Undergrad: 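Mind having a look at this structure? Questions to follow.
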Protein chains: 2
Amino acid sequence: MGLTKTEVFTDQQNRVADLAKAFAHPARVAILQLLAQKKACVCGDIVDELPLAQATVSQHLKELKRIGIIQGSIDPPRVCYCIDEVVWQEARQLFGKVFDSVIVEKSCC
Amino acid sequence: MGLTKTEVFTDQQNRVADLAKAFAHPARVAILQLLAQKKACVCGDIVDELPLAQATVSQHLKELKRIGIIQGSIDPPRVCYCIDEVVWQEARQLFGKVFDSVIVEKSCC
DNA sequence: ATTTGTAATCGTAATATTACGATGATTATT
DNA sequence: AATAATCATCGTAATATTACGATTACAAAT
């Protein structure tokens, strides 16, 4: 056990969950904010901004890349990361949809 | 190791991360959607809607309650859950703020 | 007092995440 | 070719999450 049963949920639910993971750790929120505000972009600069080891930051960047919300472009010996605008908008829209889905009328409890 | 260093991040970053965890598992997304659309409310009904064991659903409900995004009111022998509108709006606003923080002009990479 | 229905909690196993030092890979620069 | 700079990956340890059967807790109904 201990393995999420992704197959029993809808694609939308799994996608929301995956995109939410991008924001589900404060370090990743911090990284996304740095990238979003273009305060940093190169991996090394991000490392400098955060009180975490380089390996740890790299791991978070890898996770964000897996989710698809950031892209990395090589500029040796540097790697420059940036928000993937398409996925960012997808996330915004998906979350918007979820947040809008509350039926405001009286609660049943 | 293996322990998130929450103390080195801002309150806002930690709160976003915590709220994101509410959506970071498909089962919790499904639960929140059921509650949001008032398709279910009583714990047992939620269990019936999901292909997960009662104990597992209860654990997810507990986590959602810890985060504060849902409330539970006792109506013995049932427990009725519902979205906490205040926290829901807080989440919507926080995520909105994060999503809006992207500077659209040219990327540096 | 016993039974019934419902939900929480316990115990446990499997897997995932987080963190970091150390090492490796890559590519300019010398 | 050797060096320096930068980032990814490996290995590992600690902790967290996910899932479920079994049990417990609780209150209503009998």
Side-chain angles (χ1 to χ4, degrees), chain A residues 1-9 13-14 17-18 20-31 34-35 40-67 70-82 108-109, chain B residues 1-9 13-14 17-18 20-31 34-35 40-67 70-82 108-109:
Chain A
M1 291 162 204
L3 215 172
T4 297
K5 297 167 111 187
T6 56
E7 69 283 0
V8 302
F9 299 103
Q13 286 162 345
N14 283 313
D18 216 37
K21 276 183 198 150
F23 300 92
H25 192 286
R28 290 198 290 270
V29 174
I31 290 172
L34 286 172
L35 295 180
C41 156
V42 173
C43 175
D45 295 341
I46 299 171
V47 172
D48 291 342
E49 295 284 338
L50 301 181
L52 295 174
Q54 182 262 326
T56 305
V57 172
S58 196
Q59 210 169 285
H60 282 301
L61 288 168
K62 187 183 180 182
E63 175 67 1
L64 290 172
K65 232 168 113 177
R66 181 193 66 75
I67 294 165
I70 68 170
Q71 293 176 321
S73 64
I74 302 171
D75 173 24
R78 274 167 274 268
V79 175
C80 179
Y81 286 98
C82 61
C108 66
C109 38
Chain B
M1 292 163 203
L3 216 172
T4 297
K5 297 167 110 187
T6 56
E7 70 282 0
V8 301
F9 299 103
Q13 286 162 346
N14 283 312
D18 216 38
K21 276 182 198 151
F23 298 92
H25 191 286
R28 291 199 289 271
V29 174
I31 290 173
L34 287 172
L35 295 179
C41 156
V42 175
C43 176
D45 295 342
I46 299 171
V47 172
D48 290 343
E49 295 282 338
L50 301 181
L52 295 174
Q54 182 261 326
T56 305
V57 172
S58 196
Q59 209 168 288
H60 282 301
L61 287 169
K62 187 183 181 183
E63 174 67 0
L64 290 172
K65 233 168 111 177
R66 180 194 67 75
I67 294 165
I70 69 170
Q71 293 177 320
S73 64
I74 302 170
D75 174 25
R78 276 167 272 267
V79 175
C80 179
Y81 287 98
C82 62
C108 66
C109 39

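All of these numbers come straight from a predicted model, not from anything done at the bench. A note on names: the letters A, B, ... follow the listed sequences, proteins ahead of strands, and every chain is numbered from 1.
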Undergrad: So do the side chains of D75(A) and V42(A) get within less than 4.5 Å of each other, counting heavy atoms only?
TA: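 SC-SC contact between D75(A) and V42(A) ruled out.
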
Undergrad: Calculate the interatomic distance between R78(A) atom CZ and dA28(C) atom P; express it in whole Å.
TA: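 Going from R78(A) (CZ) to dA28(C) (P), I get 11 Å.
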
Undergrad: By the ring pair (Phe, Tyr, Trp, His ring centres under 6.0 Å) test, which pairs, at least two apart or in different chains, include something from residues 40-59 of chain A?
TA: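 For residues 40-59 of chain A: none.
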
Undergrad: Quick one: side chain to side chain contact (heavy atoms under 4.5 Å, CB included) partners of R66(B), sequence neighbours excluded?
TA: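 R66(B) satisfies side chain to side chain contact (heavy atoms under 4.5 Å, CB included) with D18(B), E63(B) only.
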
Undergrad: Do nucleotides 8-20 of chain C as a string where each nucleotide becomes B, S or -: B if the base has a protein heavy atom under 4.0 Å, S if just the sugar-phosphate does, - if no protein is that close.
TA: BB----BS--BBB

Undergrad: Determine whether a donor-acceptor pair (N or O, by modelled atom type, separation under 3.5 Å) exists between the side chain of K5(A) and the backbone of P51(B).
TA: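 Yes, because the side chain of K5(A) sits within donor-acceptor range (under 3.5 Å) of the backbone of P51(B).
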
Undergrad: Search all heavy atoms of L50(A) against all heavy atoms of F9(B) and return the closest pair with its distance.
TA: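 Closest heavy-atom pair between L50(A) and F9(B): CD2-CE2, 4.5 Å.
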
Undergrad: Classify the nucleic acid contact of V42(A) as base, sugar-phosphate or nothing, counting any heavy atom under 4.0 Å across all strands shown.
TA: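 If one applies the 4.0 Å heavy-atom cut-off, V42(A) turns out to touch the sugar-phosphate alone, with no base involved.
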
Undergrad: At a cut-off of 3.5 Å, list every protein nitrogen or oxygen paired with a nitrogen or oxygen from nucleotides 26-30 of chain D, distance to 0.1 Å.
TA:
none

Undergrad: Check the distance between dA7(C)'s P and I46(B)'s CD1 and give it to me in whole angstrom.
TA: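 Going from I46(B) (CD1) to dA7(C) (P), I get 9 Å.
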
Undergrad: Could you tell me if the side chain of N14(A) sits less than 4.5 Å from the side chain of T4(A), heavy atoms only?
TA: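 The answer is no; the side chains never approach within 4.5 Å.
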
Undergrad: Taking side chain to side chain contact (heavy atoms under 4.5 Å, CB included) as the definition, give me every residue that meets it alongside K62(B), ordered by chain and number, with sequence neighbours left out.
TA: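 Scan of K62(B) (side chain to side chain contact (heavy atoms under 4.5 Å, CB included), adjacent residues dropped) gives none.
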
Undergrad: Can you run down the side-chain hydrogen bond (donor to acceptor under 3.5 Å, both in side chains) pairs that involve residues 42-60 of chain B, sequence neighbours left out, and say none if there aren't any?
TA: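 The answer is R28(B)-H60(B).
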
